[in-house]
Amino acid sequence: MIKTTAKGTKIFTVSSSAAPEIRAVAELIRAGELVAFPTETVYGLGAHALRADAVAKIFAAKERPADNPLIIHIYDLRQLKTLAADIPEEAWQLAHHFWPGPLTLILRKKAQVPDLVTGGLDSVAIRMPNHTLALALLQQADVPVAAPSANLSGRPSPTTADHVLTDLDGRIAAVLDGGPCSVGVESTVLDIRQGEPKILRPGGVTPEEISAVLRRPCSLVHWLPQSEDAPPSPGLKYLHYAPRAPLYLLTGAPERQIKKMQELLQNFQAEGKRVGLLVSQESAGKFSGAEIIVLGSRRRPDQLAAGLFAALRSFDEKQVDVILAEGYSKKGVGLAVMNRLQKAAGPRVINVGGDE
Ligand code: AMP
Ligand code: MG
């Protein structure tokens, strides 16, 4: 089914990778146009990765800083060698194990990749998404596709076609609507070029899973915005995932978090503010009188991840003045969930002591 919005963006709604509409979307990519498409992590904003003119449109539509590089999406391992040089054995190992899947590998870039894609870096980020529609689209386009998340720069990533249109309607040629994304947080970005493998951004694949495959440690890079060194990944220096209202993130023992949250809720309400609460199903019953969004069980980080960005966006719609978010354990995908919440909160993190 095809519809066109008042602002001129086409919506192709498909439910199977055999849908004939995918061909039309693939043709738009080949023609240098921008199309948003679903992946297992979030919706991506795709363009022909080897055409600088097409890639430039991504930065313009998203208002993305030019030094924040893009991830190139492929559907076949054979494409890897055409984009990257000096591919270490461990990269092949990880690609065989995790692809298609939410792992992005940082490798040395080949000359044919435009500098615009890599923000001028000599490295390139590549992954194969685990989504039948994305793979069908990439196969039919049959070119590498640069695709950052399909949101305006700084906003929460989109996990539905509606989220994409909220940010980019009229700025992109089309969106392929394949329903909500299953993982809900972006891919893990891993630098595997030399030394110990370093996670530049936690995501759908956990450090524990990477270590188990490589049989050696793999840790998260720590970099603070006040550091004088260049960030290991340019994305680290930008504001991210921000809902419109200020978000306060609590961390520490769950019971203490709940007490603190109740206290903050009362204080904000006394000031006449509309408060949004982002909590687990275990804590939800402890609150009333606020806009409450329940993400899932505290013990199921996959549930927390799947609903996180949609929740942040729905607080925008509910027009709350302030958001209070519960913090979770950093085990498994919880690491990525807490990374996104921390970025959304910026300096507004309140540690109440004890372990999550
Ligand atoms: P997005 O596609 O919006 O999920 O963002 C892509 C992320 O990957 C950003 O945080 C980038 O900074 C990071 N990234 C992309 N290419 C590179 C690279 N060559 N080196 C380090 N980080 C990268
Ligand atoms: Mg993004």
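Atoms within each ligand, like the ligands themselves, are counted from 1 in listed order. Quick caveat, the model's predicted, so the values are computed rather than measured.
One side chain, T104 or S187, offers a donor N or O that lies under 3.5 Å from an acceptor on the other. Between the side chains of D142 and Y75, at least one donor N or O lies within less than 3.5 Å of an accepting N or O. With no hydrogens or angles considered, a side-chain donor-acceptor pair links E326 and S280 at under 3.5 Å. Residues S149 and E186 have side chains that never bring a donor and an acceptor to within less than 3.5 angstrom of each other. Side-chain contact check for S297 and E282: at least one donor-acceptor pair (N or O, by modelled atom type) lies under 3.5 Å.
Contact annotation: for L200 versus ligand 1, heavy atoms closer than 4.0 Å belong to the side chain alone. Contact annotation: for K198 versus ligand 1, there are no heavy atoms closer than 4.0 Å. At a heavy-atom distance under 4.0 Å, no atom of L236 approaches ligand 1.
With ligand atoms numbered from 1 in the order given, ligand 1 contributes 18 (C), 19 (N), 20 (N) to contacts under 4.0 Å with heavy atoms of L121. Counting atoms of ligand 1 from 1 in the listed order, those under 4.0 Å from a heavy atom of N68 are 9 (C), 11 (C), 12 (O). Numbered from 1 in the order shown, with element, the atoms of ligand 1 that lie under 4.0 Å from a heavy atom of A125 read 15 (C), 16 (N), 17 (C). The S123 neighbourhood of ligand 1 comprises atoms 18 (C), 19 (N), 20 (N), with distances under 4.0 Å to a heavy atom of that residue. Within ligand 1, the atoms closer than 4.0 Å to a non-hydrogen atom of R201 are 1 (P), 4 (O), 5 (O), 6 (C), 7 (C), numbered from 1 in the order shown.
One option in P231, P69, G203 has a heavy atom closer to atom 14 (N) of ligand 1 than any other, and that option is P69.
Ion pair R298/E356 not flagged as a salt bridge, since none of the NZ, NE, NH1 or NH2 atoms sits closer than 4.0 Å to an Asp/Glu carboxylate oxygen. A salt bridge does not link R313 to D162: none of the charged nitrogens lies less than 4.0 Å from a carboxylate oxygen. Salt bridge annotation for R155-E63: absent, with no cationic side-chain nitrogen under 4.0 angstrom from a carboxylate oxygen. Salt bridge status for D115 with K109: present, with a side-chain N to carboxylate O gap under 4.0 Å.
Closest of all the heavy-atom pairs between V185 and G204 is CG2-N, 4.4 Å.
Residue contacts with ligand 1: E186 is placed with no nitrogen or oxygen under 3.5 Å of a nitrogen or oxygen of the ligand (distance criterion only). For a threshold of 3.5 Å applied to N or O pairs, the pair formed by G235 and ligand 1 contains at least one separation below that value. Looking at K62 next to ligand 1, no N or O pair under 3.5 Å apart turns up.
A heavy-atom separation below 4.0 Å is not found between T118 and ligand 1. Heavy-atom distances between R64 and ligand 1 reach below 4.0 Å in at least one pair.
The protein non-hydrogen atom at the shortest distance from atom 2 (O) of ligand 1 is P148 CA, 3.0 Å. Among all non-hydrogen protein atoms, the one lying nearest atom 8 (O) of ligand 1 is V189 CG2, 3.9 Å. When hydrogens are left out, the protein atom nearest atom 18 (C) of ligand 1 is I106 CD1, 3.5 Å; that is the closest non-hydrogen contact. The shortest contact between atom 22 (N) of ligand 1 and any protein heavy atom is with S233 OG, 2.8 Å.
For the Mg ion (ligand 2), the set of nearby N, O or S atoms under 2.8 Å includes none belonging to N151.
More than 12 heavy atoms of other residues, nucleotides or ligands lie within 6.0 Å of NZ in K110, so this atom counts as buried by the packing criterion. Residue Q112 qualifies as enclosed at atom CD: its count of foreign heavy atoms under 6.0 Å is above 12.
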